[in-house]
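Working notes, structure below.
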Amino acid sequence: MEKTFDPGPMEERIYGEWLRSNSFAPRITPWCGGIGYAVMMPPPNVTGVLHMGHLLNNTLQDILVRSAHRRGKVVLWQPGTDHAGISLQVRVEKDLREKGIDAKALSREEFLKHAERWRDEHGDIILHQLRRLGICCDLNRKVHTLDQDYSRTVLHGFVELYRRGHVYRSRRMVHWCPVSQTALSDEEVFVRECDGFLWRIRYALVEDPFRSIEICTTRPETIGGDVAIAVHPDDPRYGDLIGKKCWRPFPREPIPIIADGAVDRSFGTGALKIPPAHAAVDFEIGQRHGLPFREIMDPCGTMNDLAGEELAGLDRSVARERAVALLRELDCLTSAEPHRSAVGISERSGQPVEPRLSEQWFLRYPNVDLAKRAVEEGHIHFFPDRWEKTYLYWLNNIHDWCISRQLRWGHRIPVWYRRGADRNNRANWHVSLDGPSDLENWEQDEDVLDTWFSSAFWPLGTLGWPDPQAMAERNFSVFFPTHTLVTGPDIIFFWVARMVFMAIAFLSQEPDGGDLERAVPFRNVCFTGIVRDAIGRKMSKSLGNSPDPLELIDRYGADSVRFGLISSASLGQDIFFEEKNIELGRNFCTKLWNACRFRLLQGGAAERRTVGELLAAAAQDADFFDRAMVQVLYGTFVTVNGEIEGSWEVQDGGLSAKFQSGYSFQSALQKLEHFFRDDYCDFYVELCKWRLRERPQRKAQTLALQDFILRTFLQLLAPFTPFICQELWQQLGFGVPGEALQLIPLPDLQSELERAKLFPNALEWNWVVEFRAALTKIRALPGAGNGAVLRGESILRDGVWEELRGPLLALTGHKSLDESGSFESSLAAVHTPWGRFAVARQTDEFAARLREELARVRQHIAANRTKLEDQTFLARAPERVIEGAKELLKKNCQRESQLLAQLGEERI
RNA sequence: GGGCGGCUAGCUCAGUCGGUUAGAGCAACCGGUUUACAUCCGGUAGGUCACAGGUUCGAGUCCUGUGCCGCCCACCA
């Protein structure tokens, strides 16, 4: 075995072996219907770049999937990619521009060819990069959202929702991105506070040229779109003006002054200019009052003739300045004060969105009530559960979803209009999956669907829905509902909620939601935190604060990176990424490697012995150290499994059950590391070194027990650091080459240990606990270790002591034990259940420490006495708490007299 | 404007149903190296659990309020 481990070549070789043995594919059997375990990988965008978030997210999924494998589940981890509609189109347009090609001038088909080529060249990069991490997803089942089958799923969904009246076409205000020239959904717009001005503008009255009405606006460039001035109906300042007219400054035209309750009297002057085609509120007011819609801007954000001849042809940002100047010239501008206002920004282009009136397709979300109940009634669990509130809040304030995009890259809307006929007349529409039979008489809708509309079908489409044959081939009935979705809370509306909608809409047959449990797309959603840098900034390419994930893997190995990420990521909390943690991961891998190397230096490998065989060999001549060690391992085994998978805790005497814990990756890994370093290496292996030296006849037994511990431990740890565990598994002879560790079922440890009679009894367990406590105390003595002579007094010599003497010396680093006499009072001594021990003279420092402890102990004793004399406490506290307090008092009193003795102050 | 989270050791964070003397890692300090591992080991020190009230026999934990930090949502132009 190599002296140091080199992750690079090892990881590459092992991943190749896993692929060759096809170990990532679901092991489908005819009887596996009930035990499917599916995880849907959030499909990375084909335009995306691998970042630390991907690494974290996929490590978590990989841990879940590998854990499920070893529990004997039939596992599917579904990978795929998202076509990233607007993002890819923008990207390809940019590439074409650099080549001197105007994308707009290309035909749809030509453009799509370019886009497809780009997708084919870049699409799978992230998935391939993720393999470096060791992800055990089945790439043979990879799905791309524009695959033919998946596309049919999406379009079928559209057609069906249309048929049911949930999808409709309407002319309305939408968020319009003038850069990408497409409509956006509410979710694709974020609000940013921007500094600007609040301009106060005077509109002269038509009826009385000496009077005017003042309005306030942040957008003077839209004046040309004004078709009215609105005031609050009860506003005394303007009561007499309602029904009169005023002059729009430019283009100069009379417009009415109307009254509407939506006007906020307290803002500005209380009078609002109304360009109904350019603001959402104004649109509503316009509709209520039957006002005309005056559009003064082109789709690309350029003012048109209606905006006024001075503004026509200008970009909207330039037009604002021009409008202000113009108002000054016209002497209409009363004041301009700095004002901070909330501006909607397109998530895609980073530019302000324009409220724009346009004809779009919308989805009226179906079964909102059932989507809420799915979470409220616990058919879907969120981890951490606080995200349920966010989900429900969104559902309670839900608006129809604009699902059409004025793009070419995506699923083209399956609606055809009769050529040359009126598109507004539904009689001229054809909505179907395959289109009309006389295609030549129709023209298809130019728009495509929002990418998120297509990803909403991810759990359905990847499993073949709605085609019965595809569903059978892709094992829909085994894997649906899927088990866990691992994703970030930032896409709870974009994706999580919408998958819930689609699954319920199409799979729930019972109107009252009686079958909701089977219709939800996943049972659990595990939300990860955001990976931030050491000073809390979100990692991003533009800030340059994000390490290159692949470079990290190159330098440290995938296992170390996984270890580092998990150990800094507690459930749902943002992560402060520090490379230091990855170093710690590497240190642990080295430790693990060396511990296994040490085992092999002692004797031959395990030769594929089973757990049962190893235990049988280990049980003969096992002593209480061995049994206690096995008990510690068993405890770790149970805890770690529970922390990853969660467990159903029965409540109310079996009347209900509550899902506890689960997804506590950080804590599980911590416990594994603690077990391995502190219990196994630093205690047990060190003990075995003594034993192998002094009791050579026990060698075979000792090595068998080490093998059992290492075998079980490697299996437990493997989901976290799969490569090194796989490698050591083989090196130690637990498996044959090519055998994938994650497919080997976990042993039923409890019955195995019971059969081998390897659980310690309470007395033995206690001995070991006390022994380890004694080690700590002796090690802290002045002059301890370093080959000194340990002195013992009042030693209780019995069979147990005979077993302890050697290990005690070895583990505290003493040369020999002098049990001959009693201590002079100048020695610093400690008490153990087996006697007193000392090495050297009391030091001032040590004595001071003892006095401090004595003071602390006395405080505790006083507090405990008071408590135990308190009648209310005795009456109300549960028995076990009172017992605990008594126990503690007793312990502290003992400790007090020990400390007094150690200090040589032998009074009561 | 509404909502959510965080505030525990110098730093990063655990802390389950309220119950015994609040834990870990890193950093600090002291000590250890005759071969598994210095990518290591042993030990020591370090806390007004943000603040103020309340409930309780008992509060880091539950309730009310306050402060600071972060995030999300929202049509005051």
Side-chain angles (χ1 to χ4, degrees), chain A residues 1 3-4 173 190-191 198 215-219 222 230 262-264 266-268 271-275 279-284 339 341-342 344 355 384 386-387 389-390 393-394 397 489-490 492-493 530 534 536 560 567-568 570 572-576 578 580-581 583-584 586-602 649 651 660-661 664 666-667 670 673-674 677 681-682 685-686 689 775-776 779-781 784-787 811-813 845 849 856-857 859-860 863-864 867 870-878 880-889 891-892:
Chain A
M1 190 169 172
K3 188 154 196 272
T4 55
M173 287 310 267
F190 64 92
V191 175
L198 190 62
I215 57 93
C216 281
T217 183
T218 55
R219 302 203 58 194
T222 62
V263 178
D264 179 358
S266 63
F267 187 87
L272 178 61
K273 71 188 219 38
I274 307 293
V281 183
D282 301 352
F283 172 77
E284 283 166 28
H339 180 75
S341 60
R386 67 186 139 87
W387 294 110
K389 282 186 205 159
T390 308
Y393 179 83
W394 185 73
N397 297 281
D490 49 333
I492 196 165
F493 313 136
I530 295 167
S560 304
S567 56
S568 43
S570 51
Q573 293 288 96
D574 285 358
I575 294 146
F576 288 80
E578 290 180 90
K580 185 94 194 152
N581 287 324
E583 273 178 43
L584 295 175
R586 186 193 54 191
N587 294 356
F588 182 71
C589 289
T590 307
K591 180 88 181 163
L592 178 63
W593 182 267
N594 277 298
C596 293
R597 192 163 71 92
F598 177 73
R599 160 63 190 84
L600 286 180
L601 290 174
Q602 305 306 315
E649 189 189 64
Q651 293 188 321
Q660 285 283 325
S661 175
S664 304
Q666 184 191 36
S667 169
Q670 243 169 38
E673 183 181 8
H674 166 71
R677 279 185 189 274
C681 290
D682 298 334
V685 172
E686 292 304 319
K689 280 182 185 172
L775 293 180
T776 305
R779 282 164 174 163
L781 283 172
N786 217 353
L811 291 174
T812 56
E845 191 199 353
R849 215 155 61 213
R856 253 195 330 266
V857 166
Q859 255 178 18
H860 292 148
N864 251 281
K867 201 181 210 178
D870 183 345
Q871 291 308 312
T872 338
F873 171 72
L874 293 175
R876 300 206 184 163
R880 84 195 147 79
V881 175
I882 296 171
E883 282 311 308
K886 285 181 183 163
E887 193 70 22
L888 189 63
L889 181 61
K891 252 187 181 160
N892 280 326

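Proteins get letters first, then strands, A, B, ... in listed order; numbering begins at 1 in each. We use all heavy atoms of the structure for the numbers below, so side chains are in, but hydrogens, waters and symmetry mates are not.
Rounded to an integer number of Å, the gap from CZ of Phe598(A) to P of rC41(B) is 15 Å. Atoms CG (Leu272(A)) and C1' (rA77(B)) sit 5 Å apart, rounded to a whole Å. Per the geometry, CG belonging to Leu775(A) stands 20 Å off P belonging to rG32(B), to the nearest Å. Between Leu888(A) atom CG and rA22(B) atom P the separation is 10 Å, expressed in whole Å. The CZ-C1' distance, from Phe493(A) to rC73(B), rounds to 7 Å in whole Å. One can place CD of Glu887(A) at 13 Å from P of rU21(B), the figure rounded to the nearest angstrom. Rounded to whole Å, atom C1' of rA36(B) lies 13 Å from atom CZ of Arg677(A). Whole-Å rounding puts the Ile575(A) CD1 to rC26(B) P distance at 20 Å.
The nucleotide whose nearest atom lies closest to any side-chain atom of His339(A) is, among rG19(B), rA36(B), rA77(B), rA77(B). Each of rU44(B), rA77(B), rA27(B) was ranked by its minimum atom distance to the side chain of Arg849(A); first place goes to rU44(B). Listed candidates were rA36(B), rC75(B), rG5(B). Nearest to the side chain of Val685(A) is rA36(B). Here rC40(B) is the nucleotide among rC40(B), rA77(B), rU21(B) with the atom lying nearest to any side-chain atom of Lys591(A). Picking from rA77(B), rC72(B), rG43(B) the nucleotide with the shortest atom distance to the side chain of Arg779(A) gives rG43(B). Out of rC13(B), rG19(B), rC73(B), the shortest distance to the side chain of Gln666(A) is found at rC13(B). For Glu578(A), taking side-chain heavy atoms from C-beta onward, the closest of the listed nucleotides rA36(B), rU12(B), rG32(B) is rU12(B). You'll find that the side chain of Asn786(A) is closest to rU33(B), out of rU33(B), rA45(B), rC37(B). In this structure, of rG42(B), rC40(B), rA77(B), it is rC40(B) that holds the atom nearest to the side chain of Asn587(A). Listed candidates were rG19(B), rU44(B), rA36(B). Nearest to the side chain of Arg880(A) is rG19(B).
Below 30°, between 30° and 60°, or above 60°: for Phe493(A) and Trp394(A) the angle between ring planes is below 30°, a parallel geometry.
In this structure, Arg779(A) contributes its side chain and Leu811(A) its backbone to a donor-acceptor pair below 3.5 Å. Not a single donor-acceptor pair under 3.5 Å links the side chain of Ser667(A) to the backbone N or O of Ser664(A).
The separation of rC29(B) from rG10(B), taken at their P atoms, amounts to 16 Å, rounded to a whole angstrom. Spacing between rU48(B) and rG23(B) at atom P, rounded to whole Å, works out to 15 Å. rG54(B) sits 33 Å from rU12(B) when the C1' atoms are compared, rounded to a whole Å. For the C1' atom pair drawn from rU16(B) and rA22(B), the interatomic distance equals 14 Å after rounding to whole Å. The P atoms of rU35(B) and rC49(B) are separated by 47 Å, rounded to the nearest whole Å. Comparing the P positions of rU66(B) and rG25(B) gives an interatomic distance of 39 Å, to the nearest angstrom. Here, rA59(B) and rU8(B) have their C1' atoms 14 Å apart, quoted to the whole Å. For rU34(B) and rC30(B), the C1' atoms lie 24 Å apart once the distance is rounded to whole Å.
The base of rA77(B) is not paired with the side chain of Lys273(A) by any donor and acceptor separated by under 3.5 Å.
Looking at every heavy atom in both residues, Leu775(A) comes nearest to Thr812(A) through CD2-CG2, 3.7 Å. When all heavy atoms of Pro355(A) and Met173(A) are compared, the pair lying nearest together is CB-CE, 3.6 Å. Between Ala877(A) and Ile882(A) the shortest heavy-atom distance is O-CD1, 3.6 Å. Taking both residues in full, the closest heavy atoms of Asn864(A) and Ala885(A) are given as OD1-O, 3.0 Å, listed atom of the first, atom of the second, then distance.
Among the heavy atoms of the strands lying under 4.0 Å from Thr217(A) are primed sugar atoms or P, OP1, OP2 only; no base atom is included. The residue Pro355(A) sits apart from the nucleic acid: no heavy atom pair falls under 4.0 Å. Among the heavy atoms of the strands lying under 4.0 Å from Cys681(A) is at least one base atom, whether or not backbone atoms are also near. Here Thr218(A) lies in heavy-atom contact (under 4.0 Å) with sugar-phosphate atoms only. Among the heavy atoms of the strands, none lies under 4.0 Å from Asn397(A). Here Ala595(A) lies in heavy-atom contact (under 4.0 Å) with a base. Glu845(A) comes within 4.0 angstrom of no nucleic acid atom, judged by non-hydrogen atoms across all strands. Counting non-hydrogen atoms under 4.0 angstrom, Thr812(A) reaches nothing in the nucleic acid.
Base pairing of rG10(B): its partner is rC26(B), meeting the Watson-Crick or G-U wobble criterion (both donor-acceptor distances under 3.5 Å). The pairing partner recorded for rC71(B) is rG3(B), the criterion being a Watson-Crick or G-U wobble arrangement whose two distances lie under 3.5 angstrom. Nucleotide rG65(B) forms a pair with rC51(B), judged by Watson-Crick or G-U wobble geometry with both contacts under 3.5 Å. The partner of rU34(B), taking Watson-Crick or G-U wobble pairs whose two distances both stay under 3.5 Å, does not exist in any strand shown. For rG46(B), there is no paired nucleotide, since no Watson-Crick or G-U wobble pair has both relevant distances below 3.5 Å. When both distances must be under 3.5 Å, the Watson-Crick or G-U wobble mate of rG19(B) is rC57(B).
Positionally, the nearest nucleotide of RNA chain B for Thr4(A) lies more toward the 5' end than for the other of Asp870(A) and Thr4(A). If you find the closest nucleotide of RNA chain B to Ala885(A) and to Cys589(A), the one lying nearer the 5' end belongs to Ala885(A).
Surrounding CD of Glu883(A) are more than 12 heavy atoms belonging to other residues, nucleotides or ligands, all under 6.0 Å away.
Between Thr222(A) and Lys273(A), the closest side-chain pair of non-hydrogen atoms falls below 4.5 Å.
Lys389(A) has no side-chain polar atom (N or O) that falls below the 4.0 Å cut-off from OP1 or OP2 of rG3(B). Phosphate proximity of rC37(B) to Lys3(A): present, with a side-chain N or O under 4.0 Å from OP1 or OP2. One finds a side-chain N or O of Thr776(A) lying less than 4.0 angstrom from the OP1 or OP2 phosphate oxygen of rG43(B).
In rC17(B) the base sits syn relative to the sugar, since the glycosidic angle is no further than 90° from 0.
The distance from atom CD of Glu583(A) to atom OG of Ser560(A), rounded to the nearest 0.5 Å, is 10.0 Å.
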